[in-house]
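Working notes for the structure below.
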Amino acid sequence: MPTGVALQDPRAQLVAAAERLLATGGAAALTSRAVTDEAGVAKGVLHRHFADFDDFLAALVRSRIQQADDAGERLIAAAGTGTVVGNVSGFLATTLDDVALAVVALITARDELRRRLRETSPAGVPLLAEITGALATYLTAEQSYGRVTPGAEPRYLAMTVVGTGHLMFAGELGARPDDTAVRELVESVLVGALR
């Protein structure tokens with residue numbers, strides 16, 4: 001990009017470029033040069049807007065956490081409507097996409113990134129912890145509607161669904177699961193908890 005050309009929102013443009021790279025090439029495809037090339041900006045743009053690459057990655061993860069929080073709010077608002085299995089399956093498909101899986105791989109691989117994320121996500125694996133929390137809140141709301149049994153433990157059900165879902169979406173079956181496989185996973189985990 002020529003110097004002197006104003007960028008609309010360089011931080012968002014860089015994050016969007018990183019998400020495209022993660023979706024197509026996974027965590028291994030993400031370097032500062034690859035991000036700036038994908039965004040169509042000079043390499044210095046990333047370093048003008050972020051202290052270093054881990055600062056950029058922390059912004060990327062926080063952006064995904066916000067997207068998961070937004071999806072969680074929609075899920076919680078859906079309590080009492082549709083089916084529990086359908087709602088949970090849709091939430092998993094939305095929040096455990098290829099970019100989210102690559103973000104979890106980044107978090108796992110980069111010590112400095114994890115340290116920085118602990119400032120805002122002090123417990124669990126950032127992103128997975130927020131997805132799990134939203135699902136637990138949703139299942140608790142469904143208990144109040146009588147659609148989840150009173151003796152069920154929403155927090156543990158949510159951890160099981162998200163943990164198993166993460167493994168499944170990461171390729172446990174050899175490929176990304178289709179809608180039927182996701183529904184079967186959710187049904188098998190929630191089998192004793194649904195009314």
Within one Ile-Leu-Val-Met-Phe-Trp-Tyr cluster: Met159 and Leu75, side-chain cutoff 4.5 Å: no
Among Thr164, Leu157, Val162, side-chain contact (heavy atoms from CB on, under 4.5 Å) partner for Thr160: Thr164
Rounded distance (nearest 0.5 Å) linking atom CG of Leu127 with atom CD of Gln66: 11.5 Å
Side-chain ion pair, Asp54 and Arg116, N-O less than 4.0 Å: no
Shortest non-hydrogen contact from Ala29 toward Leu21: CB-O, 4.1 Å
CG on Leu128 to CG on Leu101, rounded to 0.5 Å: 8.5 Å
Co-membership, hydrophobic cluster, residues Phe91 and Leu190, 4.5 Å side-chain: yes
Within-4.5 Å side-chain heavy-atom neighbours: Arg183 and Ser188: no
Closest non-hydrogen atom pair, Ala78 against Glu142: O-OE2, 4.3 Å
Backbone of Ile107 reached by a side-chain donor or acceptor of Arg114 within 3.5 Å: yes
CG on Asp98 to CD on Glu19, rounded to 0.5 Å: 12.0 Å
Verdict with supporting geometry, Phe169 and Asp97, side chain to side chain contact (heavy atoms under 4.5 Å, CB included): CA-CA 8 Å; Phe169 279 89; Asp97 64 4; over 6 Å; no
Non-hydrogen atoms of Ala105 and Ala27 that approach each other most closely: CB-CB, 4.1 Å
From Asp69 atom CG to Arg74 atom CZ, the distance as rounded to the nearest 0.5 Å: 10.5 Å
N/O donor-acceptor pair under 3.5 Å between Arg147 side chain and Thr81 backbone: yes
Ser63 side chain to Ala59 backbone, donor-acceptor under 3.5 Å: no
Contact check, side chains of Ser89 and Asp179, non-hydrogen atoms, under 4.5 Å: no
Within-4.5 Å side-chain heavy-atom neighbours: Leu185 and Leu92: yes
Gln67 CD to Ile131 CD1 distance, which is reported to the nearest 0.5 Å: 10.5 Å
Side-chain touch Arg11/His49, heavy atoms, less than 4.5 angstrom: yes
Side chain to side chain donor-acceptor pair (under 3.5 Å) pairs, two or more places apart, involving residues 120-137: Arg62-Thr120, Ser121-Glu130
Backbone N/O of Thr149 and side chain of Gln143: donor-acceptor pair under 3.5 Å: yes
Asn87 side chain vs Gly82 backbone, donor-acceptor pair below 3.5 Å: no
Donor on one side chain, acceptor on other, Gln13 and Asp9, under 3.5 Å: no
Test log, rule side chain to side chain contact (heavy atoms under 4.5 Å, CB included), inputs Phe53 and Leu30: CA-CA 10 Å; Phe53 196 55; Leu30 206 60; 4.3 Å; yes
Check: Arg176 side chain, Ala170 main-chain N or O, donor-acceptor pair, under 3.5 Å: no
Asp37/Lys43 salt bridge by N-O under 4.0 Å criterion: no
Closest approach of Thr95 to Ala100 (non-hydrogen atoms, all atoms of both residues): O-CB, 3.1 Å
Leu22 vs Leu60 side-chain heavy atoms within contact, under 4.5 Å: yes
Minimum side-chain heavy-atom gap Leu106-Leu113 below 4.5 Å: yes
Side-chain touch Thr36/Val45, heavy atoms, less than 4.5 angstrom: no
Phe50 versus Leu14, closest heavy-atom pair with distance: CE1-CD1, 3.9 Å
Non-hydrogen atoms of Leu139 and Ala158 that approach each other most closely: CD1-N, 4.1 Å
pair Arg115-Asp111: side-chain heavy atoms closer than 4.5 Å: no
